[in-house]
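One structure is given here, and the rest of the page talks about it.
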Amino acid sequence: MFALIDCNNFYASCERVFRPDLNGRPIVVLSNNDGCVIARSNEAKAVGIPMGAPAFEYEKLFQEHDVQVFSANFALYGDMSNRVITILSDYSPEMEIYSIDECFLKLKGFDLFNLQTYGEGMRYKVSKWTGIPISIGISPTKVLAKVANRIAKKYPNETQGVYIIDSEEKRVKALKWLKVEDVWGIGRQHSKRLSAIGVKTAFDFTQLNDEFVKKQMAIVGLRLKHDLQGIPTLDLEETQIKKSIATTRSFETNYTTYEQLAERINTFASSCAEKLRKQNSCCNSLMVFIHTNGHRKDLPQYSRNIVVKLPFPTSSSIELVKFATQALQKIFKQGYAYKKAGVIVQDFSQADNLQQTLFESRDKRHIPLMQTIDKLNLLFGQQKIRLASQDTKRVWKMKQQKLSPHYTTNLNDIITINL
DNA sequence: TCTGGGGTCCTAGGACCC
DNA sequence: TCTGGGGTCCTAGGACCC
């Protein structure tokens with residue numbers, strides 16, 4: 001059996017852990033730059049705030065319902081996520097961390113366990129130790145575990161937050177209940193096409209023939225179908241090493257000069273380098289992109305990206321910044337109002353097992369240098385040591401007007417208890 | 001005025017090889 | 001008139017996820 005454990009309204013729940021006065025009240029969390037709604041408490045969903053809603057369009061609704069608005073506090077969410085995952089990892093030796101608020105556990109050899117009780121135990125411990133509410137779905141395949149999780153979340157009282165699909169009868173009932181567009185792996189495009197041929201529920205989808213599904217949705221769709229039928233097709237993916245790493249941002253205003261963009265690209269490249277070093281990888285290629293604001297139909301639009309194959313694998317900030325700058329020079333065009341840019345590194349090698357190159361190679365002196373920089377930044381705070389090409393005056397800043405304290409990751413922000 | 005960020009996997013088609 | 005067959009690698013782009 002697989003268990004899918006999912007934190008309920010995760011970011012909103014994290015904010016609420018340290019603000020119990022907000023229990024029962026609508027909460028939303030905004031994306032970077034306080035742009036869009038990226039998380040909502042149940043109360044916020046109930047007053048009709050959709051996922052992805054632009055904050056400025058919903059200001060009035062927020063006021064009407066006294067919605068508590070938070071800027072994204074990823075330091076807090078990341079730390080809370082680690083705590084939840086640490087607790088859950090005790091419940092099975094095999095775990096896949098699927099996202100910041102979700103993980104799969106493989107329950108192999110648990111035949112003699114009462115899985116309902118086991119799941120309720122997880123819920124109790126996670127709630128008691130972290131304050132985060134979770135829902136659990138258990139079933140013989142990953143996709144069905146997703147379905148079961150949805151039922152647990154939708155009917156918390158009837159299920160105690162744990163739902164198990166362990167019989168043909170339950171499987172069919174669940175699939176007839178689930179709309180096809182709500183199936184994990186069926187997005188907007190596929191559901192549009194499926195709906196057009198009369199496929200409305202997950203059950204309808206499982207009644208299609210294999211050839212047809214494969215033709216329409218490729219091998220991915222076919223695997224999905226089999227998993228829904230109860231034939232285990234997807235297994236845990238336990239590798240923690242990322243295959244690409246990105247740092248991208250929208251700007252708070254439009255940038256028009258090369259210098260402004262170059263500073264951003266340098267900072268993004270250096271951030272990618274840091275993340276690479278954290279997982280002990282070097283990258284062999286890098287992409288830089290810049291684009292104007294697509295929402296502004298009144299302004300001339302420009303959007304380009306460029307992929308650069310590096311002459312040698314590296315994770316040195318200095319080298320990656322150099323290559324990223326060269327890439328930017330190739331795509332930058334004067335006369336546009338840029339709104340967003342980013343650097344993505346990909347094609348990794350393990351840092352301790354690098355292919356030697358004949359003519360060019362990375363500067364080996366950078367290895368201890370980068371280690372020292374990482375250590376100092378860990379000790380004295382992020383970005384204490386920067387490259388001179390990054391903005392040392394820190395003029396650039398994200399809009400974060402409603403940022404909550406870093407309760408669990410900064411000693412200065414730790415909560416005070418008045419007895 | 002304002003509209004996020006970070007990932008994964010798969011496929012088709014081009015370029016190239018012998 | 002007629003123009004092989006079997007591969008690999010790379011890239012762009014689509015679709016999806018949270």
Side-chain angles (χ1 to χ4, degrees), chain A residues 4-11 28-40 50-60 62 69-74 77-78 81 96-104 142-143 146 149-150 181-194 214-224 233-234 237 239-254 268 271-272 275 279 284-285 287 289 291-299 303-309 337 339-348 398-401:
Chain A
L4 172 67
I5 297 102
D6 184 319
C7 301
N8 303 346
N9 311 326
F10 183 54
Y11 297 167
V28 297
V29 177
L30 303 182
S31 60
N32 283 346
N33 278 320
D34 293 345
C36 302
V37 173
I38 54 170
R40 305 157 295 156
M51 187 65 174
F56 72 94
E57 283 178 12
Y58 282 80
E59 209 107 298
K60 236 187 98 193
F62 290 167
V69 180
F70 290 92
S71 303
N73 185 346
F74 290 112
Y77 312 149
S81 170
E96 172 186 345
I97 300 167
Y98 180 69
S99 76
I100 194 165
D101 72 333
E102 260 177 76
C103 68
F104 287 98
K142 282 174 94 177
V143 180
K146 269 275 193 186
N149 182 284
R150 213 183 169 88
E181 63 264 34
D182 292 337
V183 173
W184 183 45
I186 296 185
R188 251 206 309 259
Q189 303 305 318
H190 289 322
S191 49
K192 208 163 48 181
R193 262 179 262 159
L194 288 169
K214 186 162 182 202
K215 202 169 165 208
Q216 293 291 314
M217 303 169 65
I219 191 72
V220 188
L222 193 56
R223 284 183 198 145
L224 196 67
T233 314
L234 307 174
E237 289 173 24
T239 163
Q240 315 263 331
I241 306 259
K242 287 184 185 135
K243 295 175 177 170
S244 73
I245 288 174
T247 302
T248 71
R249 288 289 179 280
S250 299
F251 312 135
E252 79 291 6
T253 58
N254 291 329
F268 298 160
S271 150
C272 284
K275 296 177 192 171
Q279 67 162 34
N284 288 282
S285 106
M287 179 171 100
F289 73 82
H291 61 76
T292 50
N293 186 345
H295 296 284
R296 292 286 299 271
K297 301 295 178 211
D298 54 321
L299 293 178
S303 164
R304 261 204 82 180
N305 69 63
I306 181 169
V307 177
V308 185
K309 185 116 188 68
K339 182 63 180 170
K340 184 172 175 175
V343 174
I344 301 169
V345 291
Q346 48 212 359
D347 194 6
F348 299 161
M398 228 165 23
K399 188 177 159 200
Q400 284 185 313
Q401 290 177 345

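First the proteins, then the strands, lettered A, B, ... as listed; each starts at 1.
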Quiz item: Which word best sums up how the rings of A:Tyr77 and A:Phe74 line up, parallel for under 30°, tilted for 30 to 60°, or perpendicular for over 60°?
Solution: perpendicular
Quiz item: Heavy atoms under 4.0 Å, any strand shown: does A:Asp34 hit a base, just sugar-phosphate, or nothing?
Solution: nothing
Quiz prompt | Complement of C:dA12, any strand, by Watson-Crick or G-U distances under 3.5 angstrom | solution = B:dT11
Quiz item: Base, sugar-phosphate, or nothing: which does A:Tyr98 touch, judged by heavy atoms less than 4.0 Å apart?
Solution: sugar-phosphate
Quiz item: Distance between the P atoms of B:dT3 and C:dC18, in whole angstroms?
Solution: 25 Å
Quiz item: Under 4.0 angstrom, heavy atoms only, what part of the nucleic acid is A:Lys192 near: base, sugar-phosphate, or nothing?
Solution: nothing
Quiz item: Do any side-chain nitrogens or oxygens of A:Lys399 fall under 4.0 Å of OP1 or OP2 in B:dT1?
Solution: no
Exercise. Would you mind classifying the nucleic acid contact of A:Ile219 as base, sugar-phosphate or nothing, using non-hydrogen atoms under 4.0 angstrom?
Key: sugar-phosphate
Quiz item: Under 4.0 Å: is that the gap between some side-chain N or O of A:Lys309 and OP1 or OP2 of C:dC10?
Solution: no
Self-check item: Side-chain N or O of A:Arg296 closer than 4.0 Å to phosphate OP1/OP2 of B:dT1
Solution: no
Quiz item: A:Ile245 near the nucleic acid: base, sugar-phosphate alone, or nothing, with a heavy-atom cut-off under 4.0 Å?
Solution: sugar-phosphate
Quiz item: With a 4.0 Å cut-off on heavy atoms, is A:Thr247 in touch with a base, just the backbone sugar-phosphate, or nothing at all?
Solution: sugar-phosphate
